[in-house]
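Below: the structure, in structure tokens.
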Protein chains: 2
Amino acid sequence: MGASLKDVAQLAGVSVKTVSNVVNNYPHVTPAMRERVQRAIDELGYRPNLTARHLRKGRTGIIALAVPELGNPYFAELAGAVIDAAARHDYTVLLDHTAGLREKEVLVSQGFRAHVIDGLILSPIELEADDLLGRPGDAPLVLLGEREYDAPYDHIAIDNVAAARTAIRHLAGFGRRRIAFLGARREMARQPAHLRLRGWREELTAAGLPHDDSLVAATDAYGRWDGAAAMNALLDRGAEPDAVFAYNDLMALGAIRALVERGLRVPQDVSVVGFDDVEEGRFSTVALTTVSPDKQAIARLAVERVVARLSGAPQLQPERIHPGYTLVARESTAPRTG
Amino acid sequence: MGASLKDVAQLAGVSVKTVSNVVNNYPHVTPAMRERVQRAIDELGYRPNLTARHLRKGRTGIIALAVPELGNPYFAELAGAVIDAAARHDYTVLLDHTAGLREKEVLVSQGFRAHVIDGLILSPIELEADDLLGRPGDAPLVLLGEREYDAPYDHIAIDNVAAARTAIRHLAGFGRRRIAFLGARREMARQPAHLRLRGWREELTAAGLPHDDSLVAATDAYGRWDGAAAMNALLDRGAEPDAVFAYNDLMALGAIRALVERGLRVPQDVSVVGFDDVEEGRFSTVALTTVSPDKQAIARLAVERVVARLSGAPQLQPERIHPGYTLVARESTAPRTG
DNA sequence: CTGAAAGCGCTAACAG
DNA sequence: CTGTTAGCGCTTTCAG
């Protein structure tokens, strides 16, 4: 087993306090003393037991991040950014995924691993506002993503309505008139995509285009397969869209695949816009036009918010923060006569 | 602050031990007692302090996973599988990424967060065998991936040479004769890709094909961009390959993009095989033929190995374990006259 | 500037 | 079946 502070103290012939001072770079230690203690530390290969330190200080330096699905590159890329942002504040990240299951999201939001995580960043899909009531413990929670809650927690998400409108405007600007939406939910009760759907509706109205409900395709999940299936369903029922706005890039990519398989040309026959700007969209054979949320900013803000509440300003007012986004036009969108 | 065992004991009018027994489902407690204690627990909203438990037991139930890059879907998908596998053993995963930097890999392998992680799963890129000497602490380490070390640690990786040979055989079987390899390293000293490169060479020899070194393209990293750049470099210098075997799917996808941009047809003019079977390859417009390592098995075996050493069998012999793989033929490979 | 002692919250002997 | 007590390894008053 590892050596303890006491062992080091004994070997160096000093008290544990002195050793502790050295280990923690306490300023007022004579160089001679420091030297002597350091030698003992090296000799024993002493490494401070962080668990003990945590117990004593009530802090662990660990924050948890829970995303729906690491297989979705958006969340993988975001997780990477969060890990980096956390490292800049000397925090480590405990990662979990919820598969977008409410049950799992509740579990996580209620603070799994009590006292081992100092704070929590959660990107919910199915979670309901009620689930957030009476969270035990005092680990700060920061919410990410499109779902909005009437709960006293920081929420970080780009302005989804405005972003969606930008996408629709882009398509309408190319003369597209039958713009489909991919990724609504079957039961309107829980509608994770409702802001983007609202943006779709609002912008169509503003552009004087009808928002034909037959152009809205529902899905159960948000992967490539779901995008392809929704696209096929839409086409099968004769919706004849000349453009598609998908809930996310994965679905958009799936949709493109489905379109190409049916002999439709992208972007000429059907233009496609995604959402997320995952790297894969840049390199797909038809490079994907997409709404690009500033992932770095999202990650940075989320971590900063947790850290701020952890040190110094625990009583900050909960805020809704909207990081930036841009529309990145690539090959999957073009004017009608391509 | 949260209530402690002692608070609960006081409220229930029993000793801490009794409360502890209830919390830990110790079998021999009278139902009446359990009921009484439970009521006190609920009333106070008591939640055991895991940090304290960890200190006491010397175990935290946390294992660390370090991969090069979460932006690479292979590692993201693998991380997801590891998290699931760990959860099945009641372990939580602390995730870190190394960017494939030796310095970071060394740091991780030396056991960052001493005593808070019970075990470590590491997928190294640049790490050298020397770096593994004299690891402090006793947290078991399991290595993942192509790099092999003469060090007493479990190593889990598919048979990369055989897998690469399968890919080349597949291409040769389609009559391809100038099969390029994308993803060697410039300095041969550190050659992460050496096993797959060896497989390429061996199988070409076996097939009676020349292994023309002008068909080997070096890269500095393994992303989509690197694949595209390597492909372009190869083409620019007039290598004229009729097939490409890439170090991984990302590079293969980048290569396809580069080929298409230059007006070459995939698979007719140039067939492409990747490695990893990331989901994106299934949905790309030219669906990617690839070597598919059994990620679930890799994740499961890695976790099982760590857990086994943690409980019961710490003195297991280090082993090299080869999970299965398959070649998945999709659209990016075909006979010459397409 | 350094030492002694208390205690973070929990579990595990050991009694009873 | 339940209570008492010691101590995991560290930091932190409080003295000196």
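Letters A, B, ... mirror the listed sequences (proteins, then strands); counts begin at 1. It should be emphasised that the depicted structure is a prediction, and the values quoted were computed from it without experimental measurement.
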Tell me whether the OP1 or OP2 atom of [N] has a side-chain N or O from [X] closer than 4.0 Å.
{"X": "Ser15(B)", "N": "dT2(D)", "answer": "no"}
{"X": "Thr18(A)", "N": "dT2(C)", "answer": "no"}
{"X": "Ser20(A)", "N": "dT11(D)", "answer": "yes"}
{"X": "Asn24(B)", "N": "dT11(C)", "answer": "yes"}
{"X": "Thr30(B)", "N": "dT2(D)", "answer": "yes"}

In terms of side-chain heavy atoms of [X], which of [options] is nearest?
{"X": "Tyr26(A)", "options": "dT2(C), dT4(D), dC10(C)", "value": "dT2(C)"}
{"X": "Leu55(A)", "options": "dA5(C), dG9(C), dC10(D)", "value": "dG9(C)"}
{"X": "Ala52(B)", "options": "dT4(D), dC10(D), dC10(C)", "value": "dC10(C)"}

Sugar-phosphate, base or nothing in reach of Val29(B), heavy atoms under 4.0 Å: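 Answer is sugar-phosphate: Val29(B) comes under 4.0 Å of backbone atoms only.
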Sugar-phosphate only, base, or nothing, as touched by Arg53(A) at under 4.0 Å among non-hydrogen atoms: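 Result for Arg53(A) = sugar-phosphate.
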Glu128(B)/Arg147(B) under salt bridge (charged side-chain N to carboxylate O under 4.0 Å, His left out): CA gap, chis, key distance, verdict: CA-CA 9 Å; Glu128(B) 294 300 318; Arg147(B) 294 296 305 278; 3.6 Å; yes
Which residue lies more 5' along DNA chain D, comparing Asn21(B) with Lys57(B) via nearest heavy atoms: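 Checking each residue's closest nucleotide, the 5'-ward one belongs to Asn21(B).
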DNA chain D: 5'-proximal contact among Arg56(B) and Asn49(A) (nearest heavy atom):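 Looking at the nearest nucleotide for each, Arg56(B) comes out on the 5' side.
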Closest non-hydrogen atom pair, Leu122(A) against Glu105(A):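 So the minimum-distance heavy-atom pair works out to CD2-O, 4.3 Å.
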Salt-bridge criterion met for Asp154(B) and Arg309(B) (N-O under 4.0 Å):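 Answer for the salt bridge query: yes.
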His28(A) and Tyr26(A) aromatic centres sub-6.0 Å: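 Here the rings of Tyr26(A) and His28(A) have centres that are less than 6.0 Å from each other.
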